[in-house]
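The structure appears right after this line, and notes come after that.
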Amino acid sequence: MIQIDLLDENYTGALVPVFSMKPEKLYFFYDRRNFDERHLRLIRDVILSHGDVQEVTFLHADKNSYPDIYAKMKELLEQIFNAGTGKERPGDVCIELTGGEALMAISAARLAEIYPVKLVCADLKKGWMIHALTGERIKPVVHMTLDDFLSVNGAKRLESSHRIPEPEEYDRICRVAEFIFVHLEQWHAVHQHITTHLENKNSMRVQIPEKVSGHETGRLVKILCENGYLQSEEDGWYGFPDEGAKAYVTVYGIWLELYVYIKLSALYDEVHLGLVIDWNRADEDSVDNEIDIVVMKYSIPILISCKMTKPKPIDIYEIFGLAKRVDISAKSMLATTYAIDD
């Protein structure tokens, strides 16, 4: 099958139909003012890495000129049906309308009245590639992964900055987190005490008095012990059962990140905790970015920043900027335990 696609800066609209329809040969109409050779190479590499498409060709057309788009698209169709292999039959060639500029879509629709091509588009929410004119279901949608988005930007995902909890830990983590969310001042005092009174960074035990900075510690320490994140010893000393427990108890904001991760894991197939992105391959930016939570929904990345302190405007701008760096379609959210006034 031959597929003609219309390329714009929305990678979802461009790549999902390709992954779903699985053509052998693919033509992209694009405007070179929107993409340089590096962008085109990355798009081609991601498509070919999926193993279905054998050939990818990019054809420039002025997105603001209907005559130019129409003429070049018509020339390609003439080549396919008249000067090609001679094997193409009605239905063997489709034009995909999910992405692309408006004038490109209009040109495609006009040419579909002349040539035996099928107009298709993606219904991302219903999960089907459909016939654009009849609504007939053609093939199930194959959604993009986060790695697809990063690769098409020339970036890559590094190892998570946090230990990923096992499913059998979920209930224990949620019990601790829900207690902490209601007793934030107590948690702040206990956490600060623990991190400042560890004998050294390798120490696996710490002494916790019954009261810290005016806050009773008993109930919180009991919750941590009951759920396996501290072990009671003698004379007010407590040990960490393992390095994983220590990592959670010594990071103040980790409990909100863990809680959001666990709750979203029940709703989404792809959820990432403590995601670290290496942009170096993308734009020679040596600074890696860590994102608390990333989920994928209908081929759209959703980036979530978790704050157990009062959010600042810069926190909102930062997660918004990171989302747009991943993709123009990406969304951003901020989760906080701080009481927000309407």
Side-chain angles (χ1 to χ4, degrees), residues 5-19 28 30-47 58 63-64 98-102 104-105 122 124-125 141 143-158 160-161 253 256-257 260-261 264 267-307 311-336 340:
D5 256 272
L6 314 177
L7 181 62
D8 60 13
E9 294 174 343
N10 180 356
Y11 290 139
T12 302
L15 298 184
V16 167
V18 176
F19 298 158
F28 270 123
Y30 79 106
D31 191 316
R32 65 168 62 102
R33 290 170 294 190
N34 292 11
F35 300 91
D36 57 24
E37 287 301 317
R38 174 184 157 278
H39 279 114
L40 299 183
R41 184 183 69 254
L42 290 169
I43 292 169
R44 177 185 284 111
D45 288 347
V46 170
I47 290 172
F58 295 95
K63 65 181 181 181
N64 297 319
T98 305
E101 306 291 343
M104 291 184 179
L124 297 179
K125 290 189 175 181
V141 160
H143 284 291
M144 291 180 68
T145 66
L146 179 63
D147 286 333
D148 289 329
F149 277 104
L150 296 179
S151 296
V152 86
N153 281 291
K156 64 180 180 179
R157 176 162 53 98
L158 302 181
S160 173
S161 62
L256 179 58
E257 296 178 38
V260 172
Y261 170 80
L264 293 182
L267 302 175
Y268 301 96
D269 293 331
E270 188 174 0
V271 185
H272 301 274
L273 169 69
L275 180 77
V276 180
I277 298 177
D278 175 13
W279 296 104
N280 191 49
R281 291 170 53 208
D283 50 19
E284 299 183 354
D285 182 350
S286 61
V287 177
D288 299 335
N289 287 122
E290 180 182 344
I291 304 166
D292 295 334
I293 306 288
V294 180
V295 302
M296 295 293 296
K297 177 73 171 179
Y298 300 134
S299 292
I300 296 175
I302 304 172
L303 283 65
I304 305 171
S305 175
C306 298
K307 298 294 178 185
K312 304 178 181 67
I314 187 64
D315 298 326
I316 298 173
Y317 298 142
E318 180 181 35
I319 192 65
F320 176 81
L322 284 173
K324 295 312 171 189
R325 194 173 186 186
V326 171
D327 188 70
I328 192 172
S329 68
K331 309 297 182 184
S332 56
M333 297 175 61
L334 191 145
T336 180
I340 302 296

Atom pairs and distances, donor-acceptor, side-chain atoms in residues 315-323, under 3.5 Å, two or more places apart:
{"unit_1": "D315", "atom_1": "OD2", "unit_2": "K312", "atom_2": "N", "d": "2.8"}

Contacts of R41 that satisfy salt bridge (Lys or Arg N to Asp or Glu O under 4.0 Å) - sequence neighbours left out
none
Just by distance, do the side chain of N153 and the backbone of V326 share a donor-acceptor pair under 3.5 Å?
yes
Is the shortest side-chain heavy-atom distance between D8 and M104 below 4.5 Å?
no
Mind checking side-chain hydrogen bond (donor to acceptor under 3.5 Å, both in side chains) for E270 and listing every partner two or more places apart, or none if nothing turns up?
H272
Do S329 and D327 pair up side chain to side chain, a donor and an acceptor below 3.5 Å, judged on atom types alone?
yes
Test side-chain hydrogen bond (donor to acceptor under 3.5 Å, both in side chains) applied to S305 - qualifying residues, sequence neighbours left out:
none
Who are the side chain to side chain contact (heavy atoms under 4.5 Å, CB included) partners of A102, not counting sequence neighbours?
none
Using modelled atom types only, decide if a donor and an acceptor are shared between the side chain of T336 and the backbone of K307 within a distance under 3.5 Å.
yes
Can you list the residues that meet the ring-ring contact (aromatic ring centres under 6.0 Å, His included) rule with F28, with sequence neighbours excluded?
F58
Considering residues at least two apart in sequence or located in another chain, which fulfil the side-chain hydrogen bond (donor to acceptor under 3.5 Å, both in side chains) criterion with S160?
none
Between I43 and L7, is a side-chain contact (heavy atoms from CB on, under 4.5 Å) present by the stated rule, with each step listed?
CA-CA 10 Å; I43 292 169; L7 181 62; 4.0 Å; yes
Return the set of residues passing salt bridge (Lys or Arg N to Asp or Glu O under 4.0 Å) with D31 (not counting sequence neighbours), or none when no residue passes.
R33
Yes or no on side chain to side chain donor-acceptor pair (under 3.5 Å) for S151 and D148, after CA distance, side-chain angles and deciding distance?
CA-CA 5 Å; S151 296; D148 289 329; 5.9 Å; no
Residues two or more places apart in sequence or in another chain: which of them pass ring-ring contact (aromatic ring centres under 6.0 Å, His included) with F35?
none
Judged by atom type as modelled, is there a donor-acceptor pair below 3.5 Å linking the side chain of K324 to the main-chain atoms of A330?
yes
Quick one: list whatever passes side-chain hydrogen bond (donor to acceptor under 3.5 Å, both in side chains) with N64, sequence neighbours left out.
none
